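Data first, discussion second: the structure below is written as structure tokens.
The structure displayed is predicted, hence computed values, not measured ones. The basis for the numbers below is simple: all heavy atoms, side chains too, and nothing from hydrogens, waters or symmetry mates. Every chain is numbered from 1, with letters handed out A, B, ... down the list of sequences.
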Amino acid sequence: MMNYKDKIAQLLAQSVEGLEVGEIRDMVEVPTDSKMGDYAFPCFRLAKIMRKAPPMIAKNIGEKLGENQLFAKVECVNAYVNMFIAREAFVEDIVKEVIEKNENYGKSDLGAGKKVIVEYSSPNIAKPFHIGHIRSTVIGNSIYKLYDCLGYDTVRINHLGDYGTQFGKMICAYRRWGNEEDVIKQPIKALLSYYTKFHVEAENDPSLDEEARAIFTKLEQGEPEEKRLWQWFRDESLKEFSKVYGMLGIEFDSYSGESFYSDKMPRFVEELKDKKLLKASQGAQIVDLEPYGMSPALITKSDGSTLYITRDIAAAVYRKEHYNFHKNLYIVASQQNLHFQQWIKIVELLGYDWAEDCVHIPFGLVSLEDGTMSTREGRVVFLEDVLNRAVEQTKEIIKEKNVNTESIDEIAKQVGIGAVIFQELSNNRIKDYTFSWDKVLNFDGETGPYVQYTHARACSVLRKAGDIVVNRAKSGEFTPSFITGDSAYGLAKLLYTYPEAIVEAAEKYEPSVVTRHIINIAQAFNRFYNDQHVLVDNEEEKIAKVALVMAAKDAIRNGLELLGIKAPEKM
RNA sequence: GCGCCAUUAGCUCAGCUGGAUAGAGUAGCGCACUACGAAUGCGAAGGUCGGGGGUUCGAAUCCCUCAUGGCGCACCA
């Protein structure tokens with residue numbers, strides 16, 4: 001497939017003085033309105049270099065360009081050179097390309113040989129998996145898929161919150177008020193209730209806190225009984241999390257959480273000391289980050305125990321030594337911006353030049369209509385409930401629509417859960433939002449079901465077209481002139497820019513770029529579908545149109561896959 | 001108090017490495033199912049791009065400033 005922008009830049013370079021091809025390429029733009037052309041070149045900046053009025057320059061460039069058969073038409077409007085691509089060749093190339101590559105369309109080897117670590121989801125053990133956790137989980141999963149698609153070696157890490165004094169409290173509470181059966185039946189619910197009770201009781205009885213701290217110290221020292229309970233809580237919690245991960249179709253390569261790094265920290269405390277970065281302050285050990293405009297980072301508490309930041313430094317160094325990453329990505333809420341700035345700066349101060357390869361990818365806050373989420377105060381929406389209700393609602397709609405299918409449960413799952421994921425990945429990550437049932441269960445407009453519906457509709461057309469036509473289309477034997485109308489061409493252009501959207505999404509760590517692009521493809525498809533009849537009597541025309549439908553279907557399916565969403569063939 | 005982020009149509013949001021008349025969805029209004037799936041499409045309407053300065057041939061986009069909202073700022077993670 002030809003790269004049109006590169007080609008145009010080369011052609012322009014023949015009549016533009018004083019600019020490199022690369023600079024020219026960057027100036028080539030896509031007009032806001034397609035009536036003004038497929039590509040445009042503004043000549044304002046050339047006025048100084050070429051010492052002529054911009055419209056004159058545009059006219060000269062345009063006349064020369066117009067001779068090339070790449071274009072159907074070249075127009076000069078004031079200082080702009082507007083280029084209209086010759087549609088037939090373009091449409092033929094792109095549709096063939098997509099069909100031929102099929103599920104590989106959009107993939108590349110851009111990242112071959114480079115390792116990217118994606119840390120995401122990372123829930124706390126023994127705490128509920130609520131709607132707030134969906135963001136890191138789903139954004140991280142899509143970023144992993146984007147990098148995988150671009151040929152990077154990827155490692156998915158679920159950095160579980162499975163360590164800290166809270167586990168001393170948990171064990172303490174379990175011994176006092178817990179029982180085994182309840183934990184096995186409903187691990188998160190039971191453990192959470194013990195934990196909550198602990199906080200209530202500790203208000204009146206400070207000795208509980210002391211007891212908890214003592215238990216945590218034992219846990220750290222590897223006392224078998226404490227270790228056993230901790231391991232059991234962890235296993236049971238993970239089992240429950242796995243249910244949600246299963247529903248979302250999400251997997252990890254490693255569940256090494258905070259506890260994994262508990263014995264890897266003393267080395268860095270020493271190293272910080274050796275490099276004279278550590279300072280005593282109010283009984284604790286800190287790194288002064290004042291020169292960098294940040295508050296000091298607390299490395300060890302006054303009782304000598306370590307903190308979150310120390311574990312993150314240890315984890316980063318371990319990962320560099322163990323995986324030798326090209327990039328180490330952290331999909332963590334924007335609330336922790338300062339934390340990441342601090343520890344990445346400390347890694348830099350330690351002299352590790354790979355500090356800049358550690359990237360915090362923040363996202364905005366989810367709140368509820370009645371305020372921020374609070375597990376303890378009962379203001380919480382469980383992710384599992386959201387997914388289940390979305391699936392139920394989808395089932396209702398399918399029954400209403402009377403779609404004849406035998407696998408209604410499976411499809412309802414794909415559509416309902418897909419809707420939740422899609423919505424999560426529609427907007428820029430950084431936006432805060434307020435969760436609402438109305439919104440999450442609304443399937444009209446720019447939603448996952450809309451895109452999936454479009455895919456199912458395309459599949460339906462292909463089924464009706466029959467094998468002979470489909471096979472002819474697949475082999476690339478079609479007459480492109482039948483698919484050069486505005487609606488068909490608009491769709492083809494979006495198929496062409498799909499791989500660029502993937503690269504942009506990966507570079508920006510922003511899955512919504514892909515989400516938006518497949519919405520655009522779906523809209524263009526539906527416009528084409530309403531505008532043109534596909535299964536016409538004329539065999540040649542039918543084959544060409546079926547080829548376009550097939551290409552659109554493939555691209556939508558591939559795009560949904562990058563978001564972690566299934567593309568059912570019926571719904 | 002300091003720092004980071006956000007502010008675009010009634011609502012939810014794209015557009016931000018400067019480029020032509022600022023785009024979608026949604027709500028409300030009007031239209032299109034005897035053709036391949038109406039979970040669809042089309043049309044009209046809807047704007048001081050938070051305010052004010054500045055840079056530029058050109059600013060929603062870059063710089064300064066103010067306002068509003070969110071988040072963070074030492075022994076939680």
Side-chain angles (χ1 to χ4, degrees), chain A residues 26-27 29 31-33 36 40-45 47-48 54 77-80 82 122 124 127 159 161 163-166 258 281-286 293-309 311-312 332-339 341-342 362 364-365 367 372 394 397-398 400-401 403 415 419 423 426-428 430-434 436 439 442-454 456-465 487 512-513 515-516 519-520 522-523 525-536 542 545-546 549 570-571:
Chain A
D26 289 341
M27 286 167 69
E29 55 187 49
T32 39
D33 186 345
M36 294 187 288
F41 186 69
C43 298
F44 304 99
R45 278 172 57 195
K48 273 182 198 155
V77 182
N78 297 322
Y80 287 90
N82 290 338
S122 312
N124 287 328
K127 297 260 181 74
H159 192 74
Y163 204 68
T165 43
Q166 48 176 330
E258 290 164 22
S281 170
Q282 296 168 34
Q285 298 286 321
I286 65 159
M294 286 182 264
S295 49
L298 204 58
I299 302 296
T300 63
K301 297 192 238 175
S302 41
D303 68 2
S305 57
T306 57
L307 286 121
Y308 184 38
I309 201 161
R311 288 196 278 278
D312 264 339
V332 179
S334 64
Q335 286 153 316
Q336 298 193 33
N337 279 352
L338 178 61
H339 165 76
Q341 278 169 24
Q342 286 179 324
L365 192 80
S367 51
T372 44
T394 307
I397 295 173
I398 293 176
E400 224 174 84
K401 307 269 175 204
V403 178
V415 175
Q423 190 183 60
S426 295
N427 298 338
N428 282 344
I430 203 67
K431 296 268 182 190
D432 292 343
Y433 73 89
T434 303
S436 98
K439 220 181 138 188
N442 172 31
F443 297 166
D444 293 329
E446 295 172 333
T447 61
Y450 170 78
V451 174
Q452 287 171 319
Y453 170 76
T454 308
R457 204 185 207 188
C459 289
S460 174
V461 173
L462 296 180
R463 277 193 300 270
K464 294 231 158 74
S487 61
S512 65
V513 172
T515 314
R516 300 256 156 214
I519 288 174
N520 290 337
Q523 275 174 338
F525 176 87
N526 286 322
R527 214 166 283 150
F528 165 71
Y529 181 88
N530 276 278
D531 176 50
Q532 305 253 336
H533 192 200
V534 176
L535 302 179
V536 291
K542 181 159 49 173
K545 286 176 169 175
V546 162
V549 169
K570 287 181 185 174
M571 63 184 272

May I ask you to evaluate whether [X] reaches the phosphate of [N], defined as a side-chain N or O under 4.0 Å from OP1 or OP2?
| X | N | answer |
| --- | --- | --- |
| Arg45(A) | rC57(B) | no |
| Lys542(A) | rC36(B) | no |
| Lys431(A) | rC5(B) | no |
| Tyr450(A) | rG37(B) | no |
| Asn427(A) | rU12(B) | no |
| Tyr308(A) | rA77(B) | no |
| Arg527(A) | rC42(B) | yes |

Closest to the [X] side chain, choosing from [options]:
| X | options | answer |
| --- | --- | --- |
| Lys439(A) | rC71(B), rA20(B), rU12(B) | rU12(B) |
| Asn526(A) | rC36(B), rG41(B), rA14(B) | rG41(B) |
| Leu298(A) | rC36(B), rC75(B), rA39(B) | rC75(B) |
| Arg516(A) | rA14(B), rG72(B), rC42(B) | rA14(B) |
| Leu338(A) | rA39(B), rC73(B), rG19(B) | rC73(B) |
| Gln523(A) | rG25(B), rC42(B), rC13(B) | rG25(B) |
| Tyr453(A) | rA20(B), rA39(B), rC57(B) | rA39(B) |
| Asn428(A) | rC76(B), rA39(B), rA14(B) | rA14(B) |
| Pro296(A) | rA74(B), rA39(B), rC57(B) | rA74(B) |
| Asn337(A) | rC4(B), rC57(B), rA74(B) | rC4(B) |

Distance, rounded to the nearest Å, where [X] contributes [atom1] and [N] contributes [atom2]:
| X | N | atom1 | atom2 | result |
| --- | --- | --- | --- | --- |
| Asn530(A) | rG37(B) | CG | C1' | 11 Å |
| Phe525(A) | rA39(B) | CZ | C1' | 14 Å |
| Phe528(A) | rC36(B) | CZ | C1' | 11 Å |
| Asn520(A) | rG25(B) | CG | C1' | 11 Å |
| Leu365(A) | rC5(B) | CG | P | 17 Å |
| Gln282(A) | rA74(B) | CD | P | 10 Å |
| Gln341(A) | rG72(B) | CD | C1' | 10 Å |
| Lys48(A) | rC57(B) | NZ | C1' | 8 Å |

Find which nucleotide of RNA chain B each of Asp303(A) and Leu462(A) is nearest to by heavy atoms, and output the residue with the more 5' nucleotide. Leu462(A)
If you pin Gly164(A) and Thr372(A) to their nearest nucleotides in RNA chain B, which one's is more 5'? Thr372(A)
Geometric cation-pi criterion Arg457(A) and Tyr529(A), 6.0 Å radius, 45° cone: yes
So, under a plain 3.5 Å distance rule, would you say the side chain of [X] forms a donor-acceptor pair with the base of [N]?
| X | N | result |
| --- | --- | --- |
| Asn78(A) | rA20(B) | no |
| Thr454(A) | rA39(B) | no |
| Ser460(A) | rC36(B) | no |

Any side-chain donor near an acceptor of the partner, Gln336(A) and Tyr308(A), under 3.5 Å: yes
Residues Asn526(A) and Tyr453(A): side-chain donor-acceptor under 3.5 angstrom: no
Among Val546(A), Val534(A), Leu535(A), which residue meets the side chain to side chain contact (heavy atoms under 4.5 Å, CB included) test with Leu462(A)? Val546(A)
Determine the contact category for Met571(A): base if any of its heavy atoms lies under 4.0 Å from a base atom, sugar-phosphate if only primed atoms, P, OP1 or OP2 are that close, otherwise nothing. base
Sugar-phosphate, base or nothing in reach of Pro31(A), heavy atoms under 4.0 Å: base
N/O donor-acceptor pair under 3.5 Å between Ser460(A) side chain and Ala456(A) backbone: no
Taking any strand in view, what nucleotide pairs with rA45(B) in a Watson-Crick or G-U wobble way, both distances under 3.5 Å? none
So what's rG10(B) paired with, Watson-Crick or G-U wobble, going by both distances under 3.5 Å? rU26(B)
Non-hydrogen side-chain atoms of Glu446(A) and Ser426(A) separated by less than 4.5 Å: no
Any side-chain heavy-atom pair of Asp312(A) and His339(A) under 4.5 Å: yes
Which pair of non-hydrogen atoms, one from Thr306(A) and one from Arg311(A), has the smallest distance, and what is that distance? OG1-NH1, 3.8 Å
By centroid distance (under 5.5 Å) and plane angle (under 30°), are Phe44(A) and rG58(B) in a stacked arrangement? no
